[in-house]
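Every chain is numbered from 1, with letters handed out A, B, ... down the list of sequences.
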Protein chains: 2
Amino acid sequence: MNELIGIKQIAKLAKVSIGTVDRVLHDRPGVSKTTREKILAIIKETGYKKNAVASRLNLAARKKVKIAVLIPEATSNWSYWEVPKKGIDDAVEELSDLGILVTYFYFTGPDSFESQAKLVLKKDIDGIITVPFFKEESNCLLGNAKKNKIPVLFLDTEIQLDDPAFFIRQNSYDAGRVAGRLLHGLVGEEGLYFVFNIITDRGMHVNNEQRENGFREFFKTNFKDTPITIITINHPIGGALGINDELEKWFKDKRPKGIFVTNARSYLIPKILEAHKVSNVSVVGFDLHKDNLECLRNNEIHFLINQKPEFQGYTAIKSMFKYLTEDDSSDLNIDIPVEIIVKENCQAL
Amino acid sequence: MNELIGIKQIAKLAKVSIGTVDRVLHDRPGVSKTTREKILAIIKETGYKKNAVASRLNLAARKKVKIAVLIPEATSNWSYWEVPKKGIDDAVEELSDLGILVTYFYFTGPDSFESQAKLVLKKDIDGIITVPFFKEESNCLLGNAKKNKIPVLFLDTEIQLDDPAFFIRQNSYDAGRVAGRLLHGLVGEEGLYFVFNIITDRGMHVNNEQRENGFREFFKTNFKDTPITIITINHPIGGALGINDELEKWFKDKRPKGIFVTNARSYLIPKILEAHKVSNVSVVGFDLHKDNLECLRNNEIHFLINQKPEFQGYTAIKSMFKYLTEDDSSDLNIDIPVEIIVKENCQAL
DNA sequence: CTGAAAGCGCTTACAG
DNA sequence: CTGAAAGCGCTTACAG
């Protein structure tokens, strides 16, 4: 709390000009070894810390930090990707005085991802935020970005890539374990457990798989012999699910039942249950999709797990900006907490 | 995204100097009505927004924002108040370049709260962050602060005061309803429910009461005839709880049981249950006290509700700073979300 | 290799 | 009532 030491004080102590101090601070060439070392010693001694605000004030006007955001196009159904975008926009607003420019690029499948990624790399850009939905194409983007020394931050999903990268996403395996805990609490040890993977042709299912694995691991660790039935349904988005003979068989059993839906489509379950005339089934799903929230309010879904997409977007921008301006990568790898939502705490969000 | 309009451009458009523009922007006297109106019109037209960073750069060096934080002294037992303090310190660190100075004051009871509050008001201070543990004394502080036009922000607990004030805290009533939902999920409709208020002589019990009310309201709304037994134990912090005849009576009943502890002392429950030789009781409590976390890991406590004390501290500083520097009070009243913690999602925090 | 000057957008004395 | 200058801490040309 003693008077903050600035570049000016350092210069005075070292008997040089502030320009020279600046050169040393930024590791720029053109300083003799002796002066450099003298200045470095003083910087260390005084515990000098650069004033990031003053620094940005200059640069903001001349050279904005440019970040490209490459995400799925918001579809007409559920515009999930509007949510992280909201967070991104909030962060941009907060950082606007510090000089930031975010440009959005959209993709719909592997091909457009690839072409948009190429477009991004052609632009004059400092960092990239995207999602690793397509392994090969993500590797390609990551490799090319690496060549240009452009950092890439992935949201939503973690997959193994050829080069190290940054990830801000929920640990889906942990989320599955939490779902196991919650569903077990409602259904008990004598229950029948179902995992519903309601998928579509296109799109990644990495999160689905890891959530299922975590769910099974929970039971394997805590309640060894609990039988879990995995049901995978390929179903286009929109449209309802009808009677299913395989399901009918399962529903005949009298034991208490729990269903874990490994993605946002748990809102489809109540109608299936109705069609099969089954009731008293506990349901755990993901994401605060409005239809899910509706089911939560009607006690048709009992728990929702939130991966905080808005926070993901917000913190992605903040962390990337911090990295690009202060070379601080500490916030570029984040485990989003597994947030548990019930009817009584869903409004506050 | 067109070129940002600055004070200089405004001045040029209005054919005045930037000094005059500055006077208008800050509503300072010494500008003729005509020029003032001309400038205001241009500001409106151009959508000028002041560059907060540049503005602070000046002031940071001359006049720091000074915030007094008056909180309970951290006790040797559980230093709960270390947690919001951590959040406060993080926020201060983040804002250090913008010129902030936080001074801590500590109290142990109503008397020291009062004397420390007086001390705070004598200092040259821009804002106060504290907790409303003592109604009369809080009113006194709030009244005096109002006279000096110093904003007061209360954390942790909301109570009704004579003047309007700012609150950043969890809605305890909602938290109680969430606890009801969670415990009911584990215990079911045929169960016996207990609310444990484990209190001490000193200290406020407003949160305890509201949590209990919310809990009862949950059952009243959803499961009308569920019997709930309220048990209030006055017990000093530290030391264990032994056999209790009244409890023994209740524990004789064979029905499934659920216990809701309305504060952080749920870690005392497992030992009581052991003493009474009762098992299979579901427990919901508050706060990530290390003993509570230990019980959560041992499956002796099943849910914990977190009121995010670190976030409360962090956001208190950020919001107060924003209010004092940008006159933006929008973040000074916050409902902290009711965060649900189980064994499987407690590490990430 | 080093220094002096101009500037980022805004604020604060000071001069008229 | 208004303007011109100096300055916040740092960065960037430019001059030597």
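Remark on DNA chain C: of its neighbouring residues Asn51(B) and Lys33(A), the 5'-side contact belongs to Lys33(A), judged by nearest-heavy-atom nucleotide. Taking the nucleotide of DNA chain D with the nearest heavy atom to each of Ile7(A) and Lys15(B), the more 5' of the two is matched to Lys15(B).
Residue Glu326(B) contributes atom CD, which lies 12 Å from atom P of dT11(C) at whole-angstrom precision. Between the CG atom of Asn58(B) and the P atom of dA5(D) there is a distance of 18 Å, given to the nearest Å. If you take CD of Gln9(B) and C1' of dG9(C), they are 9 Å apart, rounded to a whole angstrom. When rounded to the nearest whole Å, the span between CD1 of Ile10(A) and C1' of dT2(C) equals 18 Å. Separating the NZ atom of Lys63(A) from the C1' atom of dG7(C) is a distance of 17 Å, rounded to the nearest angstrom. Distance Ile39(A) CD1 to dG3(C) P: 8 Å, rounded to the nearest Å. One interatomic measurement links the two molecules: NZ of Lys64(B) to C1' of dG9(D), which rounds to 13 Å at whole-angstrom precision. Look at NZ on Lys38(A): it is 15 Å from P on dC1(C), rounded to the nearest Å.
To the nearest whole angstrom, the two P atoms, one in dT2(C) and one in dG9(D), are 25 Å apart. Comparing the P positions of dG7(D) and dA4(C) gives a spacing of 16 Å, expressed to the nearest Å.
The residue Val53(A) sits apart from the nucleic acid: no heavy atom pair falls under 4.0 Å. Counting non-hydrogen atoms under 4.0 angstrom, Gly30(B) reaches a base of the nucleic acid. Within the 4.0 angstrom heavy-atom criterion, no nucleotide atom of any strand lies near Leu25(A). Counting any heavy atom pair closer than 4.0 Å across all strands shown, Arg28(A) reaches sugar-phosphate atoms only and no base atom.
Glu326(B) and Arg56(B) are not joined by a salt bridge, as no carboxylate oxygen comes within less than 4.0 angstrom of a charged side-chain nitrogen.
Here dC10(C) is the nucleotide among dT11(D), dC10(C), dC8(D) with the atom lying nearest to any side-chain atom of Tyr48(B). Closest contact between the side chain of Leu59(A) and the listed nucleotides dT11(D), dC10(C), dC1(C) involves dT11(D). Ranking dC10(D), dA13(D), dT12(D) by closeness to the Arg23(A) side chain, first place goes to dA13(D). Checked against dG9(C), dG3(D), dC10(C), the side chain of Thr20(B) finds its nearest nucleotide in dG3(D). Distance from the side chain of Ile18(A) is smallest to dC10(D) among dC10(C), dG9(D), dC10(D). Of the candidate nucleotides dT11(D), dT2(D), dC10(C), dT2(D) has the atom nearest to the side chain of Thr35(B). Taking every side-chain heavy atom of Leu57(A) into account, dC8(C) is the closest of dT11(C), dC1(C), dC8(C).
Under 4.0 angstrom from either OP1 or OP2 of dC8(C) there lies at least one side-chain N or O belonging to Lys8(B). Contact annotation: Ser55(B) side-chain N/O to dG9(C) OP1/OP2 distance is not under 4.0 Å. In this structure, Ser17(B) reaches the dG3(D) phosphate: one of its side-chain N or O atoms is under 4.0 Å from OP1 or OP2.
Using the six-membered ring where Trp is involved, Phe154(A) and Phe167(A) have ring planes that are parallel, under 30° apart on the 30 and 60° scheme.
Atom CD1 of Ile129(A) sits about 7.5 Å away from atom CD1 of Ile168(A), to the nearest 0.5 Å.
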>> Let's go through Glu94(B) and Lys318(B) carefully: what are the C-alpha distance in whole Å and the side-chain angles of both, what is the deciding distance for salt bridge (charged side-chain N to carboxylate O under 4.0 Å, His left out) to 0.1 Å, and is it a yes or a no?
In response: CA-CA 9 Å; Glu94(B) 261 188 57; Lys318(B) 292 281 234 174; 2.6 Å; yes
>> I'd like to know whether Asp90(B) forms a side chain to side chain contact (heavy atoms under 4.5 Å, CB included) with Glu93(B), so could you lay out the CA-CA distance, the side-chain angles of the two residues, the decisive distance to 0.1 Å, and finally the verdict.
In response: CA-CA 5 Å; Asp90(B) 287 351; Glu93(B) 171 72 25; 5.6 Å; no
> Could you walk me through whether Asp156(A) and Arg169(A) pass the salt bridge (charged side-chain N to carboxylate O under 4.0 Å, His left out) check?
Replying inline: CA-CA 5 Å; Asp156(A) 190 81; Arg169(A) 83 291 168 262; over 6 Å; no
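Nearest approach of Ile150(B) to Gly127(B), heavy atoms of both residues: CG2-CA, 3.7 Å.
Between the side chain of Asp22(B) and the base of dC10(C), no donor-acceptor pair under 3.5 Å is found.
dA13(C) is unpaired under the Watson-Crick or G-U wobble criterion, no partner having all donor-acceptor distances under 3.5 Å.
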